[in-house]
Amino acid sequence: MLRVGILGCGRIGNVHAASLMQIPTAKLVAVADAIPAAAETCASRFNVEARTIDGIIRAEDIDAVVIATPSPTHFDLIHALADAGKPIFCEKPIDMSSDRVRQCIAKVSSAGVPFMTAFNQRFDPHFGALQKRLAAGEIGQLETVTITSRDPAPPPVEYLKGSGGIFRDMMIHDFDLARFLLNENPTRVFATGSALVDPAVKDVGDVDTAIALLMTKSGKICQISNSRRASYGYDQRLEVHGSKGMLRVTNIHESQVESATSSGFTMPVAKPFFLERFGPAYLAEMEQFVHCISTGTSPTPNAADGLFAQLIADAAAESLASGQTVDIKY
């Protein structure tokens with residue numbers, strides 16, 4: 001039985017807590033948050049202990065820790081947990097700075113601590129099935145990947161001020177998904193974007209509508225489209241095209257029942273947001289973490305995967321600023 005503690009009791013911390021409660025080989029022991037009331041609420045919901053952050057890091061009755069705190073806190077927590085010898089499951093990003101991500105990688109490596117980066121979309125059953133069929137050669141040689149990701153509404157501008165920008169906050173999931181499907185690292189990126197949803201986004205140096213074009217050394221191409229607004233729900237679509245055909249995942253709707261009448265074909269709206277759309281993926285990624293730590297297997301995606309996605313995001317931000325194609329330096 002893997003005994004787990006959670007740092008951070010906001011929305012995503014509660015998601016991970018709910019996942020752990022469904023895994024027979026795991027036991028959620030305690031939660032902590034910088035805001036004690038948040039920890040108490042989460043602890044009461046899942047009938048576990050509320051402790052201090054330091055108390056969880058040093059606890060002898062906790063084997064592994066989930067970091068679900070705000071991004072600026074990850075660096076120090078990773079170092080503290082590595083010193084404590086505890087396996088780490090960390091929400092993205094590991095850090096906003098690629099250099100600091102490298103420092104985290106060096107720290108967990110020298111400490112010999114297992115580390116998993118939370119890129120949940122790899123564990124979506126639909127995206128995962130597509131990747132397996134792609135890897136099995138069903139559509140021949142891969143040529144292009146097309147990823148569409150649109151949120152139903154933008155987050156508050158106050159959030160965007162500390163988010164690191166759309167490429168590091170939102171599209172970073174798509175950069176990891178692109179690497180997962182391309183099976184090689186992109187070498188160049190061209191990115192462009194605008195503030196079309198909310199003009200205030202431009203005032204904080206960000207965009208809310210963005211396109212990135214990734215290219216690999218072998219010539220594969222990936223197109224990524226992001227928007228902070230979709231009036232019809234959470235828009236998540238994926239298509240891969242190869243020499244022998246095409247595979248795609250369309251939106252998951254509130255119901256998959258389609259109606260056809262003399263007025264046309266209709267379907268219910270798409271799932272409202274990421275918690276509903278990727279619920280099974282959150283459970284699957286936590287099952288993977290528990291399995292890996294329990295069996296001594298190296299978790300994936302790992303810290304290097306977090307770094308590679310961050311480096312693509314850095315290059316995309318540079319491309320947006322310069323208007324030029326940028327080489328991605330790994």
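Positions are given from 1, in the same order as the sequence printed here.
- Side-chain contact check for Phe127 versus Arg122: every heavy-atom pair is 4.5 Å or farther apart.
- Nearest approach of Met170 to Ser227, heavy atoms of both residues: CE-O, 3.2 Å.
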task: Take Cys90 and His74 through the side-chain contact (heavy atoms from CB on, under 4.5 Å) test and state the conclusion after the steps.
output: CA-CA 8 Å; Cys90 185; His74 291 180; 3.7 Å; yes
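- Note that CE of Met171 and CG of Leu177 are 12.5 Å apart. Values are rounded to the nearest 0.5 Å.
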- request: Any chance you could lay out the side-chain contact (heavy atoms from CB on, under 4.5 Å) test for Asp198 and Val157, step after step, and finish with the verdict?
  value: CA-CA 9 Å; Asp198 184 354; Val157 172; 3.8 Å; yes
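- Cluster annotation: Val240 and Ile224 are assigned to the same hydrophobic cluster (Ile/Leu/Val/Met/Phe/Trp/Tyr, side-chain heavy-atom contacts under 4.5 Å, transitive).
- For the pair Ile62 and Ala64, the tightest heavy-atom approach, listed with the atom from each and the gap, is CG2-O, 3.3 Å.
- Atom NE2 of residue His173 and atom CG of residue Asn226 lie 10.5 Å apart, to the nearest 0.5 angstrom.
- Interatomic distance, Ser71 OG to Glu91 CD, rounded to the nearest 0.5 Å: 8.5 Å.
- Between Arg150 and Asp235, at least one side-chain N (NZ, or NE/NH1/NH2) sits under 4.0 Å from a carboxylate O, which counts as a salt bridge.
- Listed for the Asn251 side chain is no donor-acceptor partner under 3.5 Å among the backbone atoms of Ala270.
- Ser163 contributes a side-chain N or O that, together with a main-chain N or O of Leu160, makes up a donor-acceptor pair within less than 3.5 Å.
- Side-chain N or O atoms of Gln256 include none that pairs as donor or acceptor with a backbone N or O of Ile252 at under 3.5 Å.
- When the side chains of ILVMFWY residues are joined at heavy-atom separations under 4.5 Å, either directly or via intervening members, Ile105 and Phe175 end up in a single hydrophobic cluster.
- A continuous path of Ile, Leu, Val, Met, Phe, Trp and Tyr side chains, each step under 4.5 Å between heavy atoms, connects Phe273 with Ile147, placing both in one hydrophobic cluster.
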message: Under the criterion side-chain contact (heavy atoms from CB on, under 4.5 Å), I'd like the reasoning laid out for Ile166 against Thr209: C-alpha separation, chi angles, the key distance, then a yes or no.
response: CA-CA 8 Å; Ile166 196 169; Thr209 307; over 6 Å; no
message: Applying side-chain contact (heavy atoms from CB on, under 4.5 Å) to Arg45 and Met21, what does each step give before you reach the verdict?
response: CA-CA 11 Å; Arg45 177 184 174 189; Met21 299 300 286; over 6 Å; no
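- Within the 4.5 Å cutoff, the side chain of Val113 has no heavy atoms near those of the Lys86 side chain.
- Counting heavy atoms from C-beta outward, Leu20 and Phe46 have side chains that stay 4.5 Å or more apart.
- Between the CD atom in Gln103 and the CD1 atom in Ile78 there is a gap of 11.0 Å [rounded to 0.5 Å].
- No donor-acceptor pair under 3.5 Å is formed between the side chain of His79 and the backbone N or O of Cys104.
- Residue Phe123 holds its CZ atom at 5.5 Å from OG1 of Thr300, rounded to the nearest 0.5 Å.
- With contacts defined as side-chain heavy-atom distances shorter than 4.5 Å, the pair Phe89/Val4 does not qualify.
- The local environment of CZ in Arg188 is sparse, with at most 12 non-hydrogen atoms from other residues, nucleotides or ligands closer than 6.0 Å.
- By the 4.5 Å heavy-atom criterion applied to side chains, Val257 and Pro268 are not counted as neighbours.
- Of the possible donor and acceptor atoms, one in the side chain of Thr41 sits under 3.5 Å from a partner among the backbone N and O of Ala37.
- Met116 and Val101 are assigned to two separate hydrophobic clusters, defined by single-linkage of ILVMFWY side chains at heavy-atom distances under 4.5 Å.
- Asp208 places a side-chain N or O within 3.5 Å of a backbone atom of Val197 that can act as its donor or acceptor partner.
- With hydrogens and angles disregarded, a donor-acceptor distance shorter than 3.5 Å links the side chain of Lys220 to the backbone of Leu182.
- A distance of 11.5 Å separates CG of Leu283 from CG of Asn120, quoted to the nearest 0.5 Å.
- Put simply, the side chain of Ser294 never gets that close to the backbone of His291: no donor and acceptor are under 3.5 Å apart.
- Ring geometry for Tyr234 against Phe274 counts as perpendicular: the plane angle is over 60°, on a 0 to 90° scale with 30° as the lower cut.
- Using modelled atom types, no side-chain atom of Thr187 and backbone atom of Asp327 make a donor-acceptor pair closer than 3.5 Å.
- Between Glu276 and Lys271 no salt bridge is recorded (no basic side-chain N to carboxylate O distance below 4.0 Å).
- Side chain of Asp124 to backbone of Phe278: no donor-acceptor contact under 3.5 angstrom is found.
- Heavy atoms from other residues, nucleotides or ligands lying under 6.0 Å from CG of Leu196 number more than 12.
- Using a 4.5 Å heavy-atom threshold, the side chains of Asn14 and Ile6 count as separate.
- A side-chain N or O of Asp169 and one of Tyr159 form a donor-acceptor pair less than 3.5 Å apart.
- Among all heavy-atom pairs drawn from Pro186 and Tyr330, the shortest one is O-OH, 2.5 Å.
- The two residues Ala38 and Cys9 come nearest to each other via the heavy atoms O-CB, 3.6 Å.
- Residues Ser298 and Cys292 share a closest heavy-atom pair of O-SG, 4.0 Å.
- Within the 4.5 Å cutoff, the side chain of His16 has heavy atoms near those of the Glu285 side chain.
- Partner of Ser149 under the side-chain hydrogen bond (donor to acceptor under 3.5 Å, both in side chains) criterion, out of Arg237, Gln121, Gln236: Gln236 alone.
- Cluster annotation: Ile67 and Val108 are assigned to the same hydrophobic cluster (Ile/Leu/Val/Met/Phe/Trp/Tyr, side-chain heavy-atom contacts under 4.5 Å, transitive).
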Which pairs of donor and acceptor atoms, one on a side chain in residues 303-317, lie under 3.5 Å apart (sequence neighbours left out)?
from: Asp305; atom 1: OD1; to: Arg179; atom 2: NH1; distance (Å): 3.0
from: Asp305; atom 1: OD2; to: Asn302; atom 2: N; distance (Å): 2.9
from: Gln310; atom 1: NE2; to: Asp95; atom 2: O; distance (Å): 3.1
from: Gln310; atom 1: NE2; to: Met96; atom 2: O; distance (Å): 2.7
from: Asp314; atom 1: OD1; to: Arg168; atom 2: NE; distance (Å): 2.9
from: Asp314; atom 1: OD1; to: Arg168; atom 2: NH2; distance (Å): 3.2
from: Asp314; atom 1: OD2; to: Ser98; atom 2: OG; distance (Å): 2.4

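- Within a 6.0 Å radius of CD in Gln141, no more than 12 heavy atoms belonging to other residues, nucleotides or ligands are found.
- Residues Asp33 and Val31 fail the side-chain proximity criterion, which asks for heavy atoms closer than 4.5 Å.
- In terms of heavy atoms, Phe289 sits closest to Ile88 at CE1-O, 3.6 Å.
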